[in-house]
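I have placed the structure first, in the form of structure tokens, so that the comments after it can refer back to it.
Computed from a predicted structure; not experimentally measured. No hydrogens, no waters, no symmetry mates; every other heavy atom, side chains included, goes into these values. So you know, we letter chains A, B, ... as the sequences are listed, proteins then strands, and number each from 1.
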Number of protein chains: 2
Amino acid sequence: MEERFRELYESRAKIIKALAHPTRLFIIEELQKHERSVGELTAMIRADTSTVSKHLSVLKNAGIVADEKRGTSIYYQLRTPCIMNFIGCIEEVLELNAKAQMDILKCCRK
Amino acid sequence: MEERFRELYESRAKIIKALAHPTRLFIIEELQKHERSVGELTAMIRADTSTVSKHLSVLKNAGIVADEKRGTSIYYQLRTPCIMNFIGCIEEVLELNAKAQMDILKCCRK
DNA sequence: AGACTATATGGCTATATTGCCAAATAAGCA
DNA sequence: TGCTTATTTGGCAATATAGCCATATAGTCT
């Protein structure tokens, strides 16, 4: 693997890592419907504000969401909705896994 | 966020986490072209065999790749090629980020 | 200015991940 | 059987991440 390739994969991995957390996946799915303020998200997630804020800043640093101050709150929105497509693929993996698990159960029971 | 939702996001995050590493992204891209043995991949990546083997087992546990022993080697293949689509979206994020960076540079220079 | 609200940051501990080495396993072959 | 090759596993040190608390910042309102 050549060096410049390694860098490309590194950049991609950084973005993907930003997606790789349950809370952040929730946030992304929520933002796809609506833009949301930190407070609104915090209420839905039921965690410390600071925790939610940190998750948002991870997403923002990765360039996945953008924020906009309006009135007294800061609203976050999804910057690249294509992110959602990819959830579909993850779901496909999960289904395959579940199916494989079923097969194991079926085959070894009479 | 209700409990059962949390579990769904948890499952998704596990899969995504398995993708979130440069070496594993390389492996996935490589497997999309070809199935490959551990040895072949190790040669391309130039890391310890044990390291590559562990990366492969992460991908396998997530259900992203499957392995098949044939002859003296174990060949790994991509189980859900849709994984590749999602790389396209990651690329889109990277491009947006780069563009934003350019804008910053342009705007603040005379 | 002072008080209040919304959000972000620093600091900390607990936990997870990475990558190497050494050792274990598994299979094929002399 | 013993040797060799291919791959996996265990152990360990270095590093990164998560989440909470306390604190800081920024803006609004009186």
Result for side chain to side chain donor-acceptor pair (under 3.5 Å) between A/Q77 and one of A/E35, A/Q32, A/R36, A/H34 points to A/E35

How many whole angstroms separate atom CD of B/E40 from atom C1' of D/dT5? 15 Å

I'd like to know whether A/N85 forms a side chain to side chain contact (heavy atoms under 4.5 Å, CB included) with B/F86, so could you lay out the CA-CA distance, the side-chain angles of the two residues, the decisive distance to 0.1 Å, and finally the verdict. CA-CA 7 Å; A/N85 302 343; B/F86 122 92; over 6 Å; no

So, for B/L41 and B/L31, which heavy atoms are closest and what is the spacing to 0.1 Å? CD1-CD2, 4.4 Å

How far does CZ of A/R6 sit from CD of A/E10, to the nearest 0.5 angstrom? 8.5 Å

Separation of atom CZ in A/R24 from atom P in D/dT17, rounded to whole Å: 9 Å

Measure CD1/A/I74 against P/D/dT25 and give the value in whole Å, please. 15 Å

Once rounded to the nearest 0.5 Å, what's the spacing between atom CG of B/D67 and atom CZ of B/R79? 10.5 Å

Going from CG on A/L8 to CD1 on B/I87, what distance comes out if it is rounded to the nearest 0.5 angstrom? 9.0 Å

Hey, does A/T51 reach any base, or is it just sugar-phosphate, or nothing, if we go heavy atoms under 4.0 Å? base

Whether each nucleotide of nucleotides 22-30 of chain C has a protein heavy atom under 4.0 Å at its base (B), only at its sugar-phosphate (S) or at neither (-) is summarised, 5' to 3', as B----S---

Would you mind reading off the distance between B/I16 atom CD1 and C/dT17 atom C1', rounded to a whole angstrom? 17 Å

For B/I27 and D/dT7, what is the distance between atoms CD1 and C1' respectively, to the nearest whole Å? 14 Å

Side chain to side chain donor-acceptor pair (under 3.5 Å) evaluation trace for B/Y9 with A/E29: CA-CA 10 Å; B/Y9 292 119; A/E29 208 157 337; 3.3 Å; yes

Rounded to whole Å, the NZ-P distance (B/K17 to C/dT17) equals 5 Å

At 4.0 Å (heavy atoms only), tell me whether B/T49 reaches a base, stays on the sugar-phosphate, or touches nothing. base

Does D/dT8 have OP1 or OP2 under 4.0 Å away from a side-chain N or O of B/Y76? yes

When rounded to whole Å, the OH to C1' distance for the pair B/Y75 and D/dA6 reads 11 Å

So if I take every side-chain heavy atom of A/H55 and compare against D/dG19, C/dA8, D/dT8, which nucleotide ends up nearest? D/dG19

Expressed in angstrom and rounded to an integer, what is the separation of A/K54 atom NZ from C/dT9 atom C1'? 7 Å

